[in-house]
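First up is the structure itself, then whatever we jot down about it.
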Amino acid sequence: MTGLIDDMQDVVAGVVGDRSLSAQVVYALIKQFGGERHYIPSQDYQARNREIKALYGAGVTAEQLAGNYRLSVKTVRRIIEH
């Protein structure tokens, strides 16, 4: 587990620019969420959805978008409607 904590501190330090502060952030997260199981998405779905909406607005069909993003047409339509 220590390897994971070190990796987390490295990522946070890269954002905040301070290794000491990154340790504080990581340990605050561990204190808050430690022992729980959480899903962390592998991509930024909000950015993807904004892109899908923009492309749809530019005339790309839901069927084309579904193929390009490996989604069902139903999912693409749900994204466009929200």
Side-chain angles (χ1 to χ4, degrees):
M1 182 71 109
T2 304
L4 176 60
I5 292 171
D6 288 339
D7 291 346
M8 291 169 62
Q9 287 180 0
D10 291 343
V11 170
V12 175
V15 173
V16 300
D18 182 330
R19 182 75 179 175
S20 177
L21 179 59
S22 73
Q24 292 176 35
V25 170
V26 169
Y27 282 103
L29 290 168
I30 290 170
K31 184 176 179 182
Q32 179 70 32
F33 301 108
E36 297 178 14
R37 295 180 64 121
H38 294 275
Y39 171 75
I40 299 174
S42 62
Q43 62 177 303
D44 182 354
Y45 291 108
Q46 291 176 340
R48 179 204 66 187
N49 292 353
R50 284 191 299 272
E51 191 173 285
I52 288 172
K53 288 178 183 181
L55 290 169
Y56 184 78
V60 180
T61 68
E63 290 76 12
Q64 291 170 319
L65 291 166
N68 291 346
Y69 287 91
R70 295 184 174 178
L71 299 170
S72 69
V73 174
K74 182 179 178 179
T75 298
V76 170
R77 292 192 191 287
R78 190 176 323 124
I79 291 167
I80 292 166
E81 293 171 2
H82 289 98

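The basis for the numbers below is simple: all heavy atoms, side chains too, and nothing from hydrogens, waters or symmetry mates. What you see is a predicted model; the values in this text were computed from it and never measured. In what follows, residues are counted from 1 in the order of the sequence shown.
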Inset, instruction - Return the minimal non-hydrogen interatomic distance between E36 and Q32, and the atom names on each side. - result: OE2-O, 4.0 Å

Legend entry - Closest contact, heavy atoms only, P41 versus Y45: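 Scanning both residues completely, I find the closest heavy atoms to be CB-CE1, 3.3 Å.
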
Quick one: [atom1] on [X] to [atom2] on [Y], what's the gap to the nearest 0.5 Å?
| X | Y | atom1 | atom2 | answer |
| --- | --- | --- | --- | --- |
| T75 | I80 | OG1 | CD1 | 11.0 Å |
| R50 | D44 | CZ | CG | 6.0 Å |
| N49 | R78 | CG | CZ | 10.5 Å |
| L4 | M8 | CG | CE | 5.5 Å |
| R77 | L71 | CZ | CG | 13.0 Å |
| K53 | E81 | NZ | CD | 10.0 Å |

Please examine the side chains of [Y] and [X], heavy atoms only from C-beta on, and report whether any two atoms are closer than 4.5 Å.
| X | Y | answer |
| --- | --- | --- |
| Y69 | I79 | no |
| V11 | D7 | no |
| R19 | V12 | no |

Inset, instruction - State plainly whether one hydrophobic cluster holds both V73 and L65, where clusters connect Ile, Leu, Val, Met, Phe, Trp and Tyr through side-chain heavy atoms under 4.5 angstrom apart. - result: no

Inset, instruction - Answer yes or no: are there more than 12 heavy-atom neighbours, outside Q43 itself, under 6.0 Å from its atom CD? - result: yes

Legend entry - Neighbour count >12 (heavy atoms, 6.0 Å) for atom OH, Y56: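 Not buried by this count: 12 neighbours or fewer within 6.0 Å.
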
Inset, instruction - Say whether, by atom type as modelled, one donor and one acceptor occur between the side chain of S22 and the main chain of Q9 under 3.5 angstrom. - result: yes

